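Lettering of chains follows the sequences in order, A, B, ..., and the numbering in each one begins at 1. Computed from a predicted structure; not experimentally measured.
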Amino acid sequence: MVKHAVLSSGTKLWRSLACAKSELRLDLTLACGQSFRWKETAEGHWTGVMGGRVWTLTQTDDTLWYYLYTKQNNQSGGDVSLQDNNKRADRRSKDDQRKDEEEPQAVSSQQDSEMEAEVMLRDYFQLHVKLGDLYREWGEADPHFKKIADIFTGVRILRQDPTECLFSFICTSNNHISRIQGMVERLCQALGTPLGQLDQTAYYDFPTLSSLADCSVEACLRDLGFGYRARFLQQSAKQILDSHGLQWLEGLRRVSYLEARDALRTLPGVGTKVADCVCLMCLDKPDAVPVDTHVWQIAQRDYKYAADKRQKSLTEKVHRDIGGFFRKLWGPYAGWAHSVLFCADLKKFQSLKEKACFNQLETEEEEEKCSKTEIKREFDGRGLNMMSENQKKAKMCVKEENTVR
DNA sequence: GTTTAACCTTG
DNA sequence: AAGGTTAAA
């Protein structure tokens, strides 16, 4: 049985590329809710599907390590073949293919595939975008960002497959991450091509547009617990194929943000927020700022954003205003900056924040002493640390009121 | 142009 | 309630 790869058991079959953690943090980037299919299969090791292949990724201080599994053909047990490589080439953009044509075919097929894997990875993580520079710019423009950014470094926007991204985000309405992950997993299991098995886990490609458009899909997905989203998924797939064609989604990469956003919003189940997520996370629109309830809260709590007339809900106007506000604050990569704050606000990453806060508290207040009675009074059963953390949080709030605006 | 309620499940 | 969208007032 094939097992999940682990770096410590030998680096021979792993490949690597130079990449500092300030440019990419796998744990934050892969688990902050922009993609739903990467799983931590061993400590610091993330396994998932990208470009129709199964990968395990991990990192050390200045190196990103990747392990690309050979294709397990369930029928014949075949290995990676030239045919597979050609298939993958077909999936890539025309620009990439044109480059290939211009290059002399002097490299061996193994070197070629190694090169291709690295190209895919660089593309997926958009490593040409210098995150360190952007963090510095956002920090100079926004003191609150700077404070968060020191803890949440290396949060990148992935360049996902448009079909996977769109249909995953149609699942996100009125929903939370843990359930979305389960739904996407079941979606791939039910309608996607099997890619192989590692330990007890089977991996699948994301379903194609054609398979999603089939009339039977709605009933199938309702059985799998998708609720009212089942119809949206099937209808959107059908609408894209019927009135636009297979290449339409990827083509939206080459039109403006506003045009892509409006085009997406014609699809059932795609409103302002989902359209912005898709624009940002797979259509090369780094200025798209998805405004959901969390981002709205962030805007109010950390930026003293007040709606015109005490808006009770996330209206279209609030979306526009908050998106515009953050674009003005952070510039053309506002969507990337937004994801850093979004990530920092996730419950699952609070421990990270609290740890840093605790350390900072200690350095700031080395001479200050809390009396034991105070600790006892504040202790609420969640652990002694929490008291200091809450103090720190309150302190941060006061600071924010002084620094923001 | 704005507001409200219903929509499917489950952690 | 939970990362929203839609239809109808």
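A gap of 14 Å separates the P atoms of dA8(C) and dC8(B), to the nearest Å.
Remark: the backbone N or O of Leu221(A) is not paired with any side-chain donor or acceptor of Arg229(A) at under 3.5 angstrom. Judged by distance alone, the side chain of Thr11(A) and the main-chain N or O of Trp14(A) form no donor-acceptor pair under 3.5 Å. Judged purely by atom type and a 3.5 angstrom limit, Glu40(A) has no side-chain atom pairing as donor or acceptor with the backbone of Trp46(A). In this structure, Gln350(A) contributes its side chain and Leu346(A) its backbone to a donor-acceptor pair below 3.5 Å.
Annotation: proximity of residues 170-184 of chain A to DNA chain B (heavy atom, distance under 4.0 Å) is found for Asn174(A), His176(A), Ser178(A), Arg179(A), numbered in ascending order. Of the residues in residues 226-240 of chain A, those with a non-hydrogen atom less than 4.0 angstrom from any atom of DNA chain B are Gly227(A), Tyr228(A), Arg229(A), Arg231(A).
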I would like to know whether His4(A) and Tyr69(A) meet side-chain contact (heavy atoms from CB on, under 4.5 Å); could you show each step before the answer? CA-CA 9 Å; His4(A) 287 97; Tyr69(A) 298 90; 4.2 Å; yes
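Atom CD of Glu43(A) has 12 or fewer neighbouring heavy atoms from other residues, nucleotides or ligands inside a 6.0 Å radius. Counting heavy-atom neighbours within 6.0 Å of Lys39(A) NZ, excluding the residue itself, gives a total of 12 or less.
Note: Phe326(A) and Tyr303(A) meet the aromatic proximity criterion, with ring centroids under 6.0 Å apart. A distance below 6.0 Å separates the ring centres of Phe169(A) and Phe36(A).
The Leu314(A) side chain lies nearest to dG4(C) when the options are dG4(C), dT2(B), dT3(B). Taking the side chain of Lys317(A) as heavy atoms from C-beta on, and the options dG4(C), dC8(B), dT2(B), the nearest nucleotide is dT2(B).
For the atom pair CD of Glu250(A) and OG1 of Thr163(A), the computed distance is 8.5 Å after rounding to the nearest 0.5 Å.
In DNA chain B, consecutive stretches of 3 or more Watson-Crick or G-U wobble pairs with both distances under 3.5 Å are given as paired ranges: B:2-7 with C:4-9.
Two residues, Gly225(A) and Glu316(A), neighbour DNA chain B, and the one matched to the more 5' nucleotide by heavy-atom proximity is Glu316(A).
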